[in-house]
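Report on the following structure.
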Amino acid sequence: MFISFFKHLPYLTGIFLLFFLFGRTVETKADDQLRWLLPSKIRNLDPHAYQNFEEEILLYQIYEKLFSQDEDLIPNPNLIERLKQLSPTRWEFTLRENVRFHSGSLLKAEDVVFSLNRAMGIGSSVRPHTTSFGSIASIDDFRFQIILDKPNPLLLVQLAQINIVSKSWIVERSLTEIDTSSENHFFETNGTGPFKLNQMEGKPLKLFKNMSWWKSSESLVEIIEILQEPKVVRQREMLEDNLVDFLVPVSTQQVDLLSQNEKIIMHERPSLRTIFLGFKISSGTHKSVLLNPFESIEARRFVKSSLQLEELLSRVYSRQGILSEHIVPPDAHGGPTYQNPNKINLLGSSIQNRKHSLELKTSKLNLDCPNDRYENVKLLCSEIQRQLEKSGVPIKLNLRSSDEHFEDLRQGKSNLFLMGWGLPTYDSHYMLNYLYRSGSSWNFTGYSNPLVDQLIGAIDQEWQPSLREKMLNLTWAILDKELLYFPLIHPNFIWATRNNWSIPVRPDGIPLLYKAQNDPES
């Protein structure tokens, strides 16, 4: 035995040496392990207070909603087994009885009641989905009722946006109230969904298959390793070097190069997102906007007439998208009819516009942009700055983190800012409620119109489709004349996979990772 061992020692030593020298290159990966690359940093995983798209799609893999949305965004019962509408404002729901949180506790009605009430709280990113909620009460362990302040035809769609949490787990961590401070970095999770997150702050994030998931037989992936890389060139290199399997979303600037790699498959579809400029139309009290030229609609029109959207589409997005005629994406319910999505008729520079250009030239203007939220944002904002300066308007580009950006917007410090907005409900009322309603947490324009607020409230509870459509049309006709926002582009949603992976993605960009499939022979 010992003679045999020493006889083969030189050979074994060579194997160990090769492994030591080249161990990184021969490392293997299980076929049921997915390497997922996120282009933005994960900073907060509060299930009701996520701040960016990457946090939202990560939470989707961990938490569940009462209703799920399929690949056509139609709401279907998920944690709900039965529902009854007892009156126009009273609904009764019965939960599935075999659902457990990752901690092991059974999902009960009190958890749902707690979750919906927490989602209604200050600082909740899903609060606008709860504006019709009056009271929520449990009947027994698995039944609860929602009593609405007013009828709500979109209730089931809105319930499909709200994560359900464990009441006891949240209370134990003193997180009943949402922490709205920028220092909040909450990484613990406890959902009922297909994957569990390793709860080690500062360590590489990993998702592990939830073997106790109530429909675990549908989940094929065992482990998801999550990598985070904000630099788009490095993202492409990681895909090409086979360091990751899946990137969502992909920068349009990298599409052509990635398409040349036969081991990478590019996927794209029209997105439900609009990128736009917002104007603060009232001075407010903050010193930086006391002299606000955008109180005048003519100044807002001058900015619109100064921007060449075809150049933006070409230079920034490599033509991976369509120009915006309206803030509402094409084909969404309750939106306008798009005449020609690839050609926009901009306002010409009238004498009145030129007059207001002089006011803009003498104003100290900032273009405020978040540098970590939207794709190619630095290039986009630099191009907007270049075009405005070409029209004679000096403007300072202010790039900062999303936290700083939206904190300044909340405090009314910005009069020209970049934003993006999606449409998960597929209904334009969603944008009205968030972006135009007085007092909305995302209406940073200072706009307040009692008639518009009244219409938004009426649309919110109108069940008759034809009447609801008329009210939507009337509301948008009023708002389109105000020019509170200038829509720029509806970018295509693009994702990339190594050619051995198949991963379905919803129209709103949410990947269904539990349905991911790997073919090692590809």
field: Heavy atoms of other groups near K231 NZ, more than 12 under 6.0 Å
entry: no
- request: Decide whether H267 and T497 meet the rule of one side-chain donor and one side-chain acceptor closer than 3.5 Å.
  value: yes
message: Given Y317, which partner from the list V255, L323, I275 fulfils the side-chain contact (heavy atoms from CB on, under 4.5 Å) test?
response: I275
task: Anything under 30° is parallel, anything over 60° is perpendicular, the rest tilted; go ahead and classify F93 against W91.
output: parallel
statement: The single option from L207, N198, N163, L197 that satisfies side-chain contact (heavy atoms from CB on, under 4.5 Å) with T189 is L197
- prompt: For residues T192 and E64, is any side-chain donor paired with an opposing acceptor at under 3.5 Å?
  reply: yes
query: Using the ring of each side chain (for Trp, its six-membered ring), is F493 parallel, tilted or perpendicular to F53, with breaks at 30° and 60°?
result: perpendicular
W36 and Q61 side chains, donor-acceptor separation under 3.5 Å: no
- line: So CG of L107 and OG of S166: to nearest 0.5 Å the spacing works out to 9.0 Å
task: Step by step, work out the ring pair (Phe, Tyr, Trp, His ring centres under 6.0 Å) result for F406 and W442.
output: CA-CA 9 Å; F406 288 106; W442 290 92; 5.3 Å; yes
message: On a heavy-atom basis, which atom in V248 and which in L38 lie closest, and how many Å separate them?
response: O-CD2, 4.5 Å
- prompt: Between S251 and Q254, is any side-chain donor less than 3.5 angstrom from a side-chain acceptor?
  reply: no
